[in-house]
Amino acid sequence: MKKTSTPTQTEDTRPWYAPFVPPGMNIEGELIFFLIAMLAAMCYATGFFARLFAQIDLLYQYSYGERTLIPGAVMAPFYEVFNQAWTGYFIVLLCMLGWGIYHDLYYRQESKSIYTMRRLPDSVSFLRYTWTLTLCEVLVCLLFAMLCLFLSYGIYCVMTPEGYLPGGQWTLFWDNLFYRK
Amino acid sequence: MLKLDHINKFYGMRQALNDVSLELPRGEIVGLFGENGAGKTTLMKCIFGFHSYHGEITLDGEPITTKNIAKLSFATSEHSFFPNLSAATHRDFYANHFDGFSDKRYTALMDFFALPKHKPLRAFSTGQKNQFEVILALSQGADYIFMDEPFAGNDIFNREDFYKVLLGILEPHETVVLSTHLIEEVSDFIGRALLLRTGRIIGDITTDTLDGEGLSLVDYIKNTYSYRADRVSRALHTLTGEDE
């Protein structure tokens, strides 16, 4: 039972997101950094299109100004065209994990509010305040990385002329990702 | 009852607490005294689990966990508030997390100290920061209120007024453990004195016992610490070659 006086006096005036960010921390800077970093990652990912069009172009021959497909040619495998276009998202992800560590350090700046955080009776609260925003940012990064991968693959399949797609694309992709020497 | 059983704490090779055993029942105002580095702050931080230690600390027979930690509050001279938040937002934060939070006490103490409610804490003076730290600790609804040098930077009038208010507002079940160097100031307000020296409890006495023996708290502390009254004259003699 709370010893608070009237409901109006105890009404929580904090913003809706307050339980998900370190108390008093200005998250604007972090969000702006995140948005700019995501835009940069997206720009980096668009390099895929340049490689895709270059590889498609290799499937054609030019004779007297006429463009025709080379019979028996095979499109470069997806992993080669994709060429880790999602790298930018993983760099952003690592940066956001760094911000997460900063959230924890924030409780030691100017005061030792870490003492208050560690005294909270709800054991989940400390983690919620410190890591929710980071977790969301990491999930967004992963989501965009996956979208980037599958969208790129879809575009690769649609843009490659029929009959020119090599087989075993995903095996090649994962092999290249995990076992590349 | 808060019970400390054979608490030992090491910082590397240095022993900060040496076999400290204590019982703190509810309803006491305890002064915790000792020179700098005696282990007062370390002792408090061990109770809250901020430091690892050897030994056992229990509250009503249970180890201190998230289940019962709300029964303990902490005001520290290092300050445990959030500098960017206002006093009003702190109140919301505490009311949200501590079921026993007393808005009545909080409001009364805020009025008493005349602290601004909507200004970020970082803009407060050192004295105001100390006062607010103490207000939060007293309003949390804890049974055990630990205060570590809470009034460093406050003027004497504020401190004396605060001791009076403290005595007036404390409920019978509340215990205050006050670590301070201002021995003479608090001697009239505490009921028990604990003396720490190099991490060891060297004195534990009630003020009633002191009164019975006709000793002042300062004398008791000086006796227990084997204070050498002639050390000033000896130092002056060494430095100047003349008698005091």
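The shown structure was predicted, so the numbers you read here are calculated from the model rather than taken from an experiment. So that the names make sense, note that chain A is the first sequence line, chain B the second, and so on, each numbered from 1.
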Could you state the interatomic distance from [atom1] ([X]) to [atom2] ([Y]), rounded to the nearest 0.5 Å?
| X | Y | atom1 | atom2 | value |
| --- | --- | --- | --- | --- |
| B:Phe98 | A:Thr116 | CZ | OG1 | 7.0 Å |
| B:Ile69 | A:Ser123 | CD1 | OG | 11.0 Å |
| A:Asp122 | B:Thr66 | CG | OG1 | 8.0 Å |

Sequence neighbours excluded, which residues qualify as side chain to side chain contact (heavy atoms under 4.5 Å, CB included) partners of B:Arg197?
B:Glu35, B:Ile202, B:Tyr225
Before we go on, tell me: are the rings of A:Tyr129 and B:Phe82 under 6.0 Å apart, centre to centre?
no
Under a 4.5 Å heavy-atom criterion, the part of residues 7-29 of chain B in contact with chain A comprises none
Considering heavy atoms only, which positions within residues 41-50 of chain B lie below 4.5 Å of chain A?
B:Lys45, B:Phe48, B:Gly49, B:Phe50
Residues forming a ring pair (Phe, Tyr, Trp, His ring centres under 6.0 Å) with B:Tyr163, sequence neighbours excluded:
B:Phe151, B:Phe189
Heavy-atom pairs under 4.5 Å with chain B are the metric here; pick the option from A:Pro22, A:Ser113, A:Gly24 that has the most.
A:Ser113
For chain B, which of A:Met117, A:Gln109, A:Arg118 has the most heavy-atom pairs under 4.5 Å?
A:Arg118
Please report the shortest heavy-atom distance between B:His97 and A:Pro121, naming the atom on each side.
O-CG, 3.3 Å
A:Ser111 and B:Phe81 have their tightest heavy-atom pair at OG-O, 2.6 Å
Does atom [atom1] of [X] have more than 12 heavy-atom neighbours from other groups under 6.0 Å away?
| X | atom1 | result |
| --- | --- | --- |
| B:Phe132 | CZ | yes |
| B:Arg105 | CZ | yes |
| B:His181 | NE2 | yes |

What part of [X] gets within 4.5 angstrom of chain A, counting heavy atoms only: side chain, backbone, both, or neither?
| X | answer |
| --- | --- |
| B:Glu133 | neither |
| B:Thr76 | side chain |
| B:Tyr106 | neither |
| B:Leu72 | backbone |

Could you walk me through whether A:Tyr106 and B:Asn84 pass the side-chain contact (heavy atoms from CB on, under 4.5 Å) test, one step at a time?
CA-CA 11 Å; A:Tyr106 165 80; B:Asn84 295 336; 3.5 Å; yes
